[in-house]
Amino acid sequence: MASTSRNEKKVSGANNYIPESIVFPILSKLPVKSLKRFSCVSKSWTHLFENPVFINMFRKNLVSNSHSLYNDDDDDVYFVLHQYVNSFRWDFYVLCGDKFEHKLKMDLPSSFHIRVIRILGSAMNGVFCIYDCDNHTMAALWNPATEEVKVIPPGSAEFQGHFTTEIVLHGFGYDHVTDDYKLIQHVSYITFTESSDDIHGLFWEIYSLKSNSWKKFNFDIPVRDWITGSDVYLNGECHWWGKVNNESYLVSFNLCKEAFLITPSPIENVQDGDVDLVVLYGHVAMISNRNKTSFQISILGEFGVKESWIKLFDVEPLSGIEQPIGTVMKGKIFFRKKDGELAYIDLITGLIQEIGIEGGKSWCQMVIYKKNLRRFRAINM
């Protein structure tokens, strides 16, 4: 049996010593969930993600083995920029070109009049959920390819003079089991007094496009803690940041089972602007930017398990970068710079590319959009 080099580190098992050159290529091909479970085999395995050699090997395998819903060479896939221009104007653009340097304006549906427009989650199968960010009382599904607009009817919330009704949309996505688009919202009633604010009548509602109706649930789910950068959709589940007793949690709501799971945050006391949720390499990921210059990107290996958050990238301080606004394929993340211009960083190469497009005066978001000619009535039949 060949002996190992004196300079080569070894990974210890119960009674054996396995060289890193053998064990690292094997372990780096495993999913995060399995790696975390195998950490009990050896003390050194609990620190794998602190080893720069292993983490680099794991990243390369994750990138090469990830299967995106969309491909870069797909002619029907676009990147949609939604930007704030002024209080009465919110524009949508399709970005195209090898470096996303060209933009084409998208016409918003004339039948839908909203003053403060946001996109909820991402574009699912070519369908956007756009809503009034002022009070969340108006929302619609929009398919730009078919030019269809489906205004979502009101839920069961009551509006009376002696209390204030607060509606907060939490997630939009596709239920592949029933072939249905769904929307989830939280409703509460607030009575304001001189001494305190009384919050009562809390409940959740789920909208189904197929039935064109809302269904009420009395879930005890952490509500969305803030709006910007706090929600994503992945594989039939809506995810958002919530809080319980000042502790931050990732809330994952399964649209097919209509059930939820919470995962503690790896960062204490998460505040608006500290982290952004994205989908990266087929995982829910968080971008932490508390110091506003450098960024840490972590992926979640197993829902419900705090220890399965893995810091995958540590991006060095970036001059002039203000806020991440979305991800695109193959590990590129878009940022809005302090001067309003847009740029993206390639996580694999570390290179930053400015695209010569302004991201709006104070706010913008980026989503991936795949053209879909299926009409809404095909869902309702």
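None of these values were measured; they are calculated from a predicted model. Side chains included, hydrogens not; waters and symmetry mates left out as well; all remaining heavy atoms used. In what follows, residues are counted from 1 in the order of the sequence shown.
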Engineer: Tell me the closest heavy-atom pair linking Gly121 and Asp231, and the distance in Å.
Structural biologist: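 Distance-wise, the nearest heavy atoms are N-OD2, 2.8 Å.
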
Engineer: Report yes if the side chains of Leu183 and Trp214 come closer than 4.5 Å at any heavy-atom pair, otherwise no.
Structural biologist: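 Yes; the side chains approach each other to less than 4.5 Å.
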
Engineer: Students often mix this up, so state it plainly: with edges at 30° and 60°, are the rings of Phe128 and Tyr369 parallel, tilted or perpendicular?
Structural biologist: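 Judged by the thresholds at 30° and 60°, the geometry between Phe128 and Tyr369 is parallel.
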
Engineer: Are side-chain heavy atoms of Tyr174 and Val127 found at a separation under 4.5 Å?
Structural biologist: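 Counting from C-beta outward, Tyr174 and Val127 never come under 4.5 Å.
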
Engineer: Any side-chain heavy atom of Phe303 within less than 4.5 Å of one from Val284?
Structural biologist: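 Heavy-atom side-chain distance check passes, below 4.5 Å.
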
Engineer: Would you find a donor on one side and an acceptor on the other, under 3.5 Å apart, between the side chain of His176 and the backbone of Gly236?
Structural biologist: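 Side chain of His176 to backbone of Gly236, a donor-acceptor pair under 3.5 Å: no, none is there.
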
Engineer: With the side chain counted from C-beta on, respond yes when Glu258 and Lys215 share a heavy-atom pair under 4.5 Å apart, and no when they do not.
Structural biologist: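 Of all side-chain heavy-atom pairs linking Lys215 with Glu258, at least one is under 4.5 Å.
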
Engineer: Can you tell me if Glu166 uses its side chain to pair, donor with acceptor, with the backbone of Ile190 under 3.5 Å?
Structural biologist: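 A pair under 3.5 Å: no.
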
Engineer: Working note: Lys370 + Asn372, criterion side-chain contact (heavy atoms from CB on, under 4.5 Å); need CA distance, chi angles, decisive distance, verdict.
Structural biologist: CA-CA 6 Å; Lys370 182 177 175 62; Asn372 183 5; over 6 Å; no

Engineer: Can a donor-acceptor pair be found, under 3.5 Å and without considering hydrogens, that links the side chain of Asp132 to the backbone of Met138?
Structural biologist: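 No, because the side chain of Asp132 does not come within donor-acceptor range (under 3.5 Å) of the backbone of Met138.
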
Engineer: Are the side chain of Lys29 and the backbone N or O of Pro25 linked by a donor-acceptor pair below 3.5 Å?
Structural biologist: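 Checked: pair present.
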
Engineer: May I ask you to decide if Pro264's main-chain N or O and Trp309's side chain share a donor-acceptor pair within less than 3.5 Å?
Structural biologist: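 The answer is yes, because a donor-acceptor pair under 3.5 Å joins these two groups.
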
Engineer: Grab the two heavy atoms, one from His239 and one from Ser252, that are nearest each other, plus how far apart they are.
Structural biologist: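 For His239 and Ser252, the tightest heavy-atom pair comes out as ND1-OG, 2.8 Å.
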
Engineer: Just by distance, do the side chain of Asp180 and the backbone of Lys210 share a donor-acceptor pair under 3.5 Å?
Structural biologist: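 Looks like yes, one N/O pair under 3.5 Å.
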
Engineer: Under 3.5 Å, side chain of Glu354 to main-chain N/O of Glu341, donor-acceptor pair present?
Structural biologist: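 Between the backbone of Glu341 and the side chain of Glu354 there is no qualifying donor-acceptor contact (under 3.5 Å).
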
Engineer: Hey, what's the ring geometry for His82 with Phe92, parallel, tilted or perpendicular (30° and 60° as the breaks)?
Structural biologist: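 It falls in the parallel class, under 30°.
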
Engineer: Salt bridge or not for Asp91 and Lys103, using N-O below 4.0 Å?
Structural biologist: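 No, Asp91 and Lys103 are not salt-bridged.
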
Engineer: For residues Val279 and Tyr233, determine if any side-chain heavy atom of one lies less than 4.5 Å from a side-chain heavy atom of the other.
Structural biologist: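 A side-chain contact is absent here, since even the closest heavy-atom pair is not under 4.5 Å.
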
Engineer: Do Arg336 and Leu342 pass the side-chain contact (heavy atoms from CB on, under 4.5 Å) test, and can you show the C-alpha distance, the side-chain angles, and the key distance before you say yes or no?
Structural biologist: CA-CA 5 Å; Arg336 184 180 183 275; Leu342 298 183; 4.2 Å; yes

Engineer: Please tell me if the side chains of Pro266 and Met286 come closer than 4.5 Å, counting only heavy atoms from C-beta onward.
Structural biologist: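 Side chain of Pro266 against side chain of Met286, heavy atoms only: contact under 4.5 Å found.
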
Engineer: Passes side-chain contact (heavy atoms from CB on, under 4.5 Å), Phe335 versus Ile352? Steps please.
Structural biologist: CA-CA 10 Å; Phe335 289 87; Ile352 299 175; over 6 Å; no

Engineer: Can Arg374 and Asp179 be said to form a salt bridge (charged side-chain N to carboxylate O under 4.0 Å, His left out), step by step?
Structural biologist: CA-CA 12 Å; Arg374 188 185 186 195; Asp179 184 28; 2.7 Å; yes

Engineer: Lys182 and Leu255: which non-hydrogen atoms are nearest, and at how many Å?
Structural biologist: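 Answer, listing the atom of Lys182 first, then Leu255: NZ-O, 3.0 Å.
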
Engineer: Below 30° counts as parallel, above 60° as perpendicular, anything between as tilted: where do the rings of Phe313 and Tyr281 land?
Structural biologist: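 Tilted, since the angle between the ring planes falls between 30° and 60°.
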
Engineer: Is any side-chain heavy atom of Met106 less than 4.5 Å from a side-chain heavy atom of Trp142?
Structural biologist: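 Counting from C-beta outward, Met106 and Trp142 do come under 4.5 Å.
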
Engineer: Say whether, by atom type as modelled, one donor and one acceptor occur between the side chain of Asn245 and the main chain of Glu247 under 3.5 angstrom.
Structural biologist: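 Between the backbone of Glu247 and the side chain of Asn245 there is no qualifying donor-acceptor contact (under 3.5 Å).
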
Engineer: Please confirm whether Phe79 and Phe334 have ring centers closer than 6.0 angstrom.
Structural biologist: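 So the answer is no for these two rings.
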
